[in-house]
Enquirer: 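Next up is a structure, given as structure tokens.
The model shown is predicted, which means the values in this text are computed figures rather than measured ones. Here is how names work: the chains are called A, B, and so on, in the same order as the sequence lines, proteins then strands, and each is numbered from 1.
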Amino acid sequence: MKLKTLTGLSLALSLGLAVQAQAEGPVAGETAEGSLAGKTLTFVSYGGIYQDGQVAALEDFVAKSGVTLLSDGPTELAKIQAQVESGNVMWDVVDTGDYMPYVHCGTLFQKLDFSKLDISKVPEGQVGECSVPAMNYAVMFLYNKEKWPENGPTSWADFFDTEKFPGTRGIPGYAEAEGYMIELALLNDGVAKADLFPADIDRGLNKWRSMRDDLVLWTTGAESQQMMESGEVDMVMVWSGRGKGALENGANYQPVWQDWVVVKDQMTIPTGVKDVDAAHALINAYLGAAAQTKMAEDTSYSPINIDAKPQVDELTASFMTNTPEKQAMAYNQNVQYWVDNYDVLSEKWAEFIAGN
Amino acid sequence: MSEPESSSSFSRFLSGPALLTLPALAILILVMAVPLGTVISRSFTEGETVLENYIWFFNTPVNITVLIRTFRIAAVVTLVCVIVAYPYAYAMSVVGPRLRLILIMCVLVPFWVSGVVRTLAWVILLQDSGVINKTLLALGFDKVKLIRTQLGVTIGMTQILLPFMIMPLYAVMRGIDLRLIQAAKSLGAHPVKTFFQVYLPLSLPGVFAGATIVFILALGFYITPLLLGGQQSSMLSTLVQQQVLSLLNWGRGGAMGVVLLVATFGFLALAAPFMRQKYKMSGGAR
């Protein structure tokens, strides 16, 4: 009897909530039946299991709305620019890196209409004027357990300490500059956290230069994973997905999570897409709890809907960054600062990775 | 040849063979001239002043370092290609038909495999935990740093570019009348002298043709230095890619491309008189 009442109550409550939501605006993950019948949307991301997982997460949206969903990629800023400049935008929704939507907000990417998106379940501080998060992941490091069977490195301080832990370090060396590369270097060069900004970019890069002989730069995620699988480097700073991939393939490496850097991909709409409403509808569906659960289960990246509860294996679970334990160890970079200073950072970074 | 005759043959050329070049010309204009023109014009128009991108290029030390490095690596690769290809092409030109077929296949089969695949194969061979180093360790030697060094880049590029050196060399060497060598010998010349005074000059057109192709192709290499090289061996094309695709700075990327193009033309202009002379010499000997 009691159970029945409870069920009835919760049913009424959820119905009521749904009605209320309908009156107030969109609900993340909810799609009106047949709303986009006959329309076509092109979704662009970075390919691989990541994009496959994202498309799988959108299956429900495709079925309900009747839209034809095309996949393209990988995301390339120059291609977006070419489309926007020629006025012929083929990419409707684009998954991008962390800074791009901020650096190019209002130019390459349009300002989002938040009356068409439900961002109430997105973790605090992750929504920008031109973007909502696509997933969360970590930049952290792993070390070779063969090299240090015990008493291995446990923090970034150890990563930078080439005397205490002699050996090679793999680090990101791709062209897009990352502010956290400077922040981590400065923090381990004696700069106090309170004095970090305005950041002395030269000093940060000089810290890396001082250990150049021990550095191995990787330019693609696949390369960083290959470094672990072949045991090329003693420590390597990687995207968490690649760390997990390497462990899954049998690499004998130990992840170090202390002060892992919070990073995310972004969902954006390029300026000048043909159907702005449809693009928003796709993003709103993507933000839903069920879609995020599916995305996380398929890709091992962390969901950006706080209600998403992915069921994953033990290894994948150990790489999820949205747990309270992981959140307590997280390090947040100053995205706004790096977006504001992106030109200077890029130029100096380009010199560093070219070997100067 | 008298004047009217040549002009009539020219008009015949225009109505006949010239028409046949039209499709190729149209494609060239579309995929070569138009993009190149755009790149050149953007390098001048996308900046505060007309020359801003060029001033930036020459005022940024890393650009100069990498430009010099690009030419140095191309030169070393060309030299190594000549040294490796010369005896190989010679062998191809003197052996019997069956062995020749085998030698040609050894050159051509890798040539049919994409450069990216071959570069990745080199990664597997050259990396610290790769085949070469594992073998060295097993034999009791120390590891050699091969990947992410200029040595690694040179090895990979040489292998990829070798066919472009062997083929022109072989073509020229096949045309050399070996009776000239016999004649030199019968006149009492030492084999070394025969080689340097008779054979080498006759084969030089092949060396220069191959070296020019290899050098120019090497200047524009992108994937191989990216995968096999480290920071200290990135080439100019990598910097162009950074500017255009990552930083969206078409002006600067364009200026880099134009500088490389002009430098290449400049180099060819310097080499051209030298090459012509050598051609004449070999022509005279023939």
Enquirer: If I measure from the heavy atoms of chain B, does A:M227 come under 4.5 Å with its side chain, its backbone, both, or neither?
Expert: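 For A:M227, the contact with chain B is made by the side chain alone.
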Enquirer: Is chain B contacted by the side chain of A:E351, its backbone, both, or neither, given a heavy-atom distance below 4.5 Å?
Expert: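 Both backbone and side chain.
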Enquirer: Which answer fits B:T238, side chain, backbone, both or neither, if we ask what part of it has an atom under 4.5 Å from a heavy atom of chain A?
Expert: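 B:T238 has no heavy atom closer than 4.5 Å to chain A.
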Enquirer: Need one label for A:F352: side chain, backbone, both or neither, based on atoms under 4.5 Å from any heavy atom in chain B.
Expert: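 For A:F352, the contact with chain B is made by backbone and side chain together.
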Enquirer: With a 4.5 Å cut-off on heavy-atom pairs, point out which of A:E223, A:R212, A:M100, A:E347 contacts chain B the most.
Expert: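 Winner by heavy-atom pair count: A:R212.
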Enquirer: I need the minimum non-hydrogen distance between B:I216 and B:T264, along with the two atoms involved.
Expert: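 Here B:I216 and B:T264 meet closest at CG1-CG2, 4.0 Å.
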Enquirer: Give, as side chain, backbone, both or neither, the part of B:I147 having an atom under 4.5 angstrom from any heavy atom of chain A.
Expert: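 For B:I147, the side chain is the part near chain A, not the backbone.
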Enquirer: Is it the case that the ring center of A:F165 lies less than 6.0 angstrom away from the ring center of A:F159?
Expert: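 No, the ring centres sit 6.0 Å or more apart.
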Enquirer: Are A:Y180 and A:W338 an aromatic pair, judged by ring center distance below 6.0 Å?
Expert: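 They do not qualify: ring centres at least 6.0 Å apart.
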Enquirer: Does a salt bridge link B:R42 with A:E85, judged by any charged N lying under 4.0 Å from a carboxylate O?
Expert: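 Salt bridge flag = yes for A:E85 with B:R42.
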Enquirer: By a 4.5 Å heavy-atom criterion (distance strictly below it), what part of B:S234 contacts chain A: side chain, backbone, both, or neither?
Expert: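 The side chain, not the backbone.
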Enquirer: Sort out for me which of A:L217, A:T219, A:T220 touches chain B most, counting heavy-atom pairs under 4.5 Å.
Expert: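 That would be A:L217.
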Enquirer: Check A:K147 with A:D234, please: is the shortest side-chain N to carboxylate O separation under 4.0 Å?
Expert: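 The answer is yes: the pair qualifies as a salt bridge.
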Enquirer: Before we go on, tell me: are the rings of A:W239 and A:Y174 under 6.0 Å apart, centre to centre?
Expert: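 Yes, close enough.
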Enquirer: Between A:T168, A:V216, A:D343, which residue shows the highest count of heavy-atom pairs closer than 4.5 Å to chain B?
Expert: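 Counting heavy-atom pairs under 4.5 Å, the top option is A:V216.
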Enquirer: If I measure from the heavy atoms of chain A, does B:L248 come under 4.5 Å with its side chain, its backbone, both, or neither?
Expert: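 For B:L248, the contact with chain A is made by backbone and side chain together.
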Enquirer: Check this for me: A:N249, atom CG, are more than 12 non-hydrogen atoms of other residues, nucleotides or ligands nearer than 6.0 Å?
Expert: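 More than 12 within 6.0 Å, yes.
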Enquirer: Quick check on B:L247 against chain A: is it the side chain, the backbone, both or neither that has a heavy atom closer than 4.5 Å?
Expert: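 Answer is side chain: those atoms of B:L247 sit under 4.5 Å from chain A.
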Enquirer: Between A:L215 and chain B, which part of the residue has a heavy atom less than 4.5 Å away: side chain, backbone, both or neither?
Expert: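 No part of it gets close to chain B.
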Enquirer: So, for A:W349 and A:W208, is the gap between ring centers shorter than 6.0 Å?
Expert: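 Ring centroids of A:W349 and A:W208 are no less than 6.0 Å from each other.
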